[in-house]
Amino acid sequence: MELDLQDRLETVSVLLPIPADRPYSYAVPEAMNLVPGDFVQVPLGPRKVAAVVWEPTDDDNPVDPAKLRLVEQRFDCPPLTRAMRDFVDWVAHYTVSPAGMVLRSVLRAPGALDPEAPMEGLRFRGGEPERMTDARRRVLELLHEHEGMAWTRSGLAHAAGTSSSVIDGLSKQGLFEPVLIPAPPVVPTPVETADKPQLRDEQDTAASVLVTRVAEDRFSTTLLDGVTGSGKTEVYLEAIAASLAQNRQILVLLPEIALTTTFLERFEERFGAQPASWHSGLAPKMRERVWRQVATGQVRIVVGARSALFLPFRELGLIVVDEEHDGAYKQEDRVFYNARDMAVVRASLGGFPCILSSATPSIESRVNVENGRYGHVKLVERHADAVLPELLTIDMRKDPPPRGKFLSPVLTQAIEGALGRNEQALLFLNRRGYAPLTLCRVCGFRFECNNCSAWLVEHRFRNQLQCHHCGHNEPVPEACTNCGTLDHLAACGPGVERLAEEVDIDFPDARIIVLSSDMLGGVNRLRLELEAIAKGEVDIVIGTQLVAKGHNFPLMTCVGVVDADLGLANGDPRAAERTFQLLSQVTGRAGRAGGKSIGLLQTYAPEHPVIAAIANGNRKAFYEREIGLRRAAGLPPFARLVSIIISGTDKREAESHALALRKAAPKVDDIMLLGPAEAPMALVRGRFRYRLLVHTSRSFDVQAYLRSWIANGPKERGSLRVQIDVDPQSFL
Ligand code: ADP
Ligand code: ZN
């Protein structure tokens with residue numbers, strides 16, 4: 001008898017982690033029961049792929065199920081929730097990316113789809129060993145004390161304070177039966193401890209607002225806006241405690257997850273256990289375990305980088321985005337998204353509150369407070385006797401540094417003062433290496449990267465010229481590569497290494513450290529150095545923006561910004577905002593433990609409104625002015641920008657593709673198109689780049705517009721690539 005497959009097989013929509021916009025149809029084997037959200041394995045060409053059952057798509061011409069390939073396996077894993085599926089679709093829609101590429105961020109730990117293998121363990125059978133020793137006695141005491149308990153070999157040895165060989169010896173004598181123990185949690189379950197600080201009045205008020213939001217158990221966004229050191233973390237820990245008490249999972253996003261030791265410790269004091277962390281540096285096995293335990297609900301709190309938004313939470317009830325203004329939240333690779341904004345979306349789809357925390361909120365968030373979309377909670381005082389540093393500008397035209405140097409005498413005196421009181425000084429310069437530019441004094445030749453439109457940065461310590469965009473490096477030459485003259489190369493401008501040289505001459509007895517992201521030894525070394533600074537083992541810290549973030553240095557009383565104008569020079573619409581945020585954060589490192597402290601800004605334009613606002617500590621003036629300017633200029637958040645980068649290895653091909661794309665743009669009144677123009681970084685990693693900028697009102701459906709434009713426009717071929725960046729942060 002012939003089987004009528006059509007009657008027997010059902011079809012199912014499956015979203016695959018590939019650059020496809022829509023789910024694919026598969027047939028379901030008879031014995032398999034599938035619901036949307038189930039993790040499955042399906043065939044794709046010759047491969048087997050882990051994927052997720054999606055909502056059924058209404059297909060105009062359904063495929064005959066008999067012709068479809070079969071779902072091979074349903075994984076034994078809790079399904080991806082409806083809110084998460086909606087989130088994947090939402091992010092794909094908003095960023096104009098294939099849904100499958102967004103799903104790829106969810107399926108980041110394929111091994112986690114199968115249950116964790118249980119561990120081999122031992123259970124006490126009873127009896128006595130032939131020969132008793134002290135160590136054996138201790139083990140037996142424990143075993144009697146916890147009768148019926150399953151132990152791991154090493155766990156039992158550890159608890160009894162002996163070596164594993166003692167356990168093995170007892171094992172040989174048949175005292176144990178083998179058992180399987182479920183894999184342990186990656187972190188213990190957090191429980192509120194009594195160890196919580198007495199909140200000040202304004203903290204208490206702020207905390208109770210946030211706790212109320214949590215109790216409401218519906219979507220809301222609140223900006224927690226408080227100066228550095230005002231206790232924002234203490235305040236949002238209250239909200240986390242409240243959410244924990246409701247049995248919800250909690251996600252805390254941090255921009256620099258690798259450097260969060262102190263943060264994790266504070267957490268541990270408060271909840272008796274550290275939260276699980278999620279970032280790109282996790283070992284693969286740990287990654288799988290965290291993912292799995294988030295999915296099963298065993299992990300209650302995750303502290304993570306932006307990709308943690310795509311973890312398969314079952315019962316997420318709160319997201320906190322710390323340092324919400326931070327540029328590190330923007331992903332500029334494959335799917336271009338801002339994790340801060342997507343956190344708000346995730347909360348709205350999940351129907352729970354979101355807290356955005358910052359000492360220098362983004363203009364976007366401030367505007368959302370003004371128009372009533374976000375709630376606003378403020379902290380205006382620093383904790384205890386810690387006072388904000390006194391901020392002053394140093395007019396470099398009036399008090400210039402000595403010839404060939406970069407620090408004004410005003411700043412060196414301030415450093416001297418701090419060192420004299422056994423306090424610390426921090427010099428901030430956002431430039432890695434020794435000098436940002438090397439040129440030939442004879443012919444004027446500038447050393448540039450061959451693959452990028454960028455100068456090569458001298459790193460004297462490594463004796464290299466490096467490109468900070470593609471990583472190209474070459475030894476520092478003795479002769480000019482252009483004119484061949486020997487020994488006439490000049491280093492132009494300072495980097496942190498060069499500052500260290502100057503400081504070393506001026507303060508020969510001081511203990512100096514340079515901190516920058518390319519430091520040898522990576523994150524672990526950096527962690528140690530930060531601890532050493534906090535303990536007072538260093539006198540002068542010289543650092544790039546790495547030092548601006550969240551660290552607590554109790555002895556730091558003098559902060560010098562070497563080039564306050566640096567960030568204002570580029571033509572980026574967010575230059576003022578970024579400078580304000582960065583310099584406020586940097587100077588906020590000073591005076592966190594009470595006593596007098598000072599922040600000095602070296603500038604050639606002390607009258608510049610941004611510099612003046614920082615120096616006067618006038619946050620309100622800065623925001624009012626900046627928001628006014630954005631509104632008047634029709635810039636975000638009062639309008640929407642989309643940047644389209646067209647790139648290719650052949651310059652003419654890239655340019656003509658950009659022109660053809662521009663030509664194919666549907667004509668619509670609401671849209672203003674700029675370009676194509678050569679991008680400011682016209683060459684990166686050997687790819688020539690052109691940029692189109694789309695400017696539109698916020699109400700216009702720019703995603704639909706972009707989709708139909710790209711779909712009907714010229715096709716990408718060869719090395720050509722079109723990248724769409726909705727709400728761009730970078731204009732390079
Ligand atoms: P922010 O996140 O605003 O920079 P933190 O929450 O890190 O501020 O607080 C700064 C410092 O003050 C931390 O060491 C914190 O433990 C301490 N602190 C803040 N509020 C209190 C409080 N109510 N009681 C005791 N210590 C506090
Ligand atoms: Zn390069």
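Side chains included, hydrogens not; waters and symmetry mates left out as well; all remaining heavy atoms used. Remember, it's 1-based here, ligands and their atoms both numbered in the order they're listed.
With hydrogens and angles left out, the side-chain atoms of Q581 and E577 include a donor and acceptor closer than 3.5 Å.
Between K596 and E390 a salt bridge is recorded (basic side-chain N to carboxylate O distance below 4.0 Å).
Interface atoms of ligand 1 facing G231, defined by a heavy-atom separation under 4.0 Å, are 1 (P), 3 (O), 5 (P), 6 (O), 8 (O), 9 (O), 19 (C). Within the listing of ligand 1, atoms 22 (C), 24 (N), 25 (C) sit less than 4.0 angstrom from a heavy atom of P197. Each of the following atoms of ligand 1 lies closer than 4.0 Å to a heavy atom of V227: 3 (O). When each atom of ligand 1 is checked for a heavy atom of Q198 under 4.0 Å away, the hits are 22 (C), 23 (N), 24 (N).
Here the side chain of K232 pairs a donor or acceptor atom with the backbone of V227 at under 3.5 angstrom.
Around atom 7 (O) of ligand 1, the closest heavy atom drawn from E234, K232, R200, R266 belongs to R266.
Nearest approach of A343 to I319, heavy atoms of both residues: O-CD1, 3.7 Å.
Residue L379 places no heavy atom under 4.0 Å from ligand 1. For the pair G229 and ligand 1, a heavy-atom separation below 4.0 Å is found.
The local environment of CZ in R334 is sparse, with at most 12 non-hydrogen atoms from other residues, nucleotides or ligands closer than 6.0 Å.
Within the coordination shell of the Zn ion (ligand 2), defined by N, O or S atoms under 2.8 Å, H472 is absent. Here H469 fails the criterion, with no N, O or S atom under 2.8 Å of the Zn ion (ligand 2).
Expressed to the nearest 0.5 Å, how far CD1 of I250 lies from CD1 of I301 amounts to 4.5 Å. Here the OH-CG distance, from Y329 to D341, works out to 12.0 Å after rounding to the nearest 0.5 Å.
Rounded to 10°, the angle formed at the Zn ion (ligand 2) by C467 SG and C449 SG is 110°.
Not less than 6.0 angstrom separates the ring centroid of Y690 from the ring centroid of F688.
Contacts between V235 and ligand 1 below 4.0 angstrom, taking non-hydrogen atoms only, are absent altogether.
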